[in-house]
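Structure first, commentary second.
Worth knowing before you read on, the calculation uses all heavy atoms, side chains too, and leaves out hydrogens, waters and symmetry mates. Everything numeric here is computed off the predicted structure, so don't read it as measured data. One-based numbering, in listed order, for ligands and for the atoms of each.
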Amino acid sequence: MLQVEKINTFYGSSQILFDVSLEVSLGEVVGLLGRNGAGKTTTLRSIMGLTRPKRGNISYKGKDIFGKPTYKIAKMGIGYVPEDRIIFPDLSVLDNLNLASKTSSGGVNGWRIERVFDLFPVLKARAHQNGGTLSGGEQQMLTIARTLMGNPELILVDEPTEGLAPLLVNEVRKLILAIAETGTTILLSEQNIKFSLKSSKRVYIIEKGEIQYEGSVENLRENESIMKKYLAVQGYDCANQRTN
Ligand code: ATP
């Protein structure tokens, strides 16, 4: 569904991504794992056309999207959930969602307010509350819900657990899995390894702008040395993860 081939992205004269390649197939949840500053956000921004790579190829459903403007990429069915939770703080939850549906590409998933509220009962309860008054976790949910209202077939989710309390991390994980069950394909950037291993089937590890590992979650769990080398795994209990 999504094919990224050897993209090289720069901020000014400093090169951030070095020949990054990855693939996401229809219906998959794929993790993009890496420490702070590894290049996860830059990879997602490059796919969305927000930061244009200098070299490489990106195709979506067989069509070249490299160098296309972001609104065209979004119209083709790719949704982006940025790390910094972009919502309209002075609009109600309902208005935030209605506004997002106006820019919908009319994709195949048929997301409407009622269906979004079924998936996000917390947002339904706060429908008439201003977005800015929601808690961090609720704002994260609203950001994800807004993206769904655009009816994407693939969503790029950037560190959804950033700054959330452990209980909410679990809620967001359930939500991601529920969204995947609707048939939406997901590329999930994370530095929370536990979250990523529980949410994805296949992962890429990025370090200093280069993909260092690609494989199934099962293989990665068996490969403690790779996790220690490239990820912040302090206190991570590999043996326990295996039995979970
Ligand atoms: P984080 O978890 O901290 O968001 P990340 O893996 O998403 O990390 P990126 O945000 O892609 O990493 O950043 C990769 C590198 O690019 C970092 O060294 C960062 O300092 C640098 N960088 C990011 N944005 C810019 C920018 N606008 N201008 C210059 N350098 C940038």
Side-chain angles (χ1 to χ4, degrees), residues 2-24 29-58 65-67 69-70 73-74 78-87 136-137 139-144 146-147 154-166 168-169 172-173 176 186-200 202-215 217 220 226-236:
L2 175 73
Q3 208 149 22
V4 176
E5 288 173 277
K6 295 194 168 191
I7 56 167
N8 289 268
T9 304
F10 294 69
Y11 287 119
S13 60
S14 59
Q15 184 163 3
I16 306 299
L17 299 186
F18 299 83
D19 284 338
V20 166
S21 297
L22 58 86
E23 272 181 32
V24 184
V29 180
V30 174
L32 178 63
L33 270 163
R35 291 194 182 103
N36 249 332
K40 302 179 297 294
T41 300
T42 307
T43 302
L44 300 191
R45 288 180 59 88
S46 298
I47 296 168
M48 278 317 282
L50 290 161
T51 305
R52 207 168 282 190
K54 270 199 182 153
R55 293 187 298 279
N57 289 303
I58 308 176
I65 58 167
F66 186 91
T70 303
I73 294 172
I78 306 184
Y80 178 48
V81 183
E83 193 179 0
D84 39 13
R85 295 169 201 167
I86 300 177
I87 56 160
Q139 287 190 10
Q140 179 60 272
M141 289 183 194
L142 182 55
T143 310
I144 298 174
R146 274 177 52 87
T147 305
L154 164 69
I155 51 173
L156 315 178
V157 189
D158 199 3
E159 297 204 41
T161 67
E162 174 81 5
L164 297 186
L168 279 171
V169 169
V172 172
R173 185 176 70 86
I176 297 276
I186 301 174
L187 176 60
L188 183 67
S189 138
E190 260 302 331
Q191 55 175 303
N192 179 336
I193 176 172
K194 232 172 156 176
F195 178 87
S196 190
L197 296 192
K198 282 185 173 175
S199 314
S200 318
R202 209 158 61 73
V203 292
Y204 291 87
I205 296 178
I206 187 167
E207 165 84 359
K208 294 192 181 129
E210 288 186 70
I211 298 289
Q212 300 288 355
Y213 174 87
E214 174 197 350
V217 161
L220 184 60
I226 293 216
M227 289 205 277
K228 284 214 166 112
K229 189 167 176 194
Y230 296 117
L231 305 166
V233 288
Q234 255 178 343
Y236 179 79

Checklist entry - side chain to side chain contact (heavy atoms under 4.5 Å, CB included) between Val24 and Ile186: does it pass, once the steps are laid out? => result CA-CA 8 Å; Val24 184; Ile186 301 174; over 6 Å; no
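A donor-acceptor contact closer than 3.5 angstrom links the side chains of Ser46 and Thr9.
Considering only heavy atoms from C-beta on, Tyr204 stays 4.5 Å or farther from Lys40 through its side chain. For the pair Asn57 and Gln3, the minimum side-chain heavy-atom distance is 4.5 Å or more.
Between Glu214 and Arg202, at least one side-chain N (NZ, or NE/NH1/NH2) sits under 4.0 Å from a carboxylate O, which counts as a salt bridge.
Sorted by chain then number, the residues whose non-hydrogen atoms approach ligand 1 to under 4.0 Å are Tyr11, Ile16, Arg35, Asn36, Gly37, Ala38, Gly39, Lys40, Thr41, Thr42, Glu83, Glu159, Gln191.
Not a single side chain to side chain donor-acceptor pair (under 3.5 Å) links Asn192 to another residue, sequence neighbours left out.
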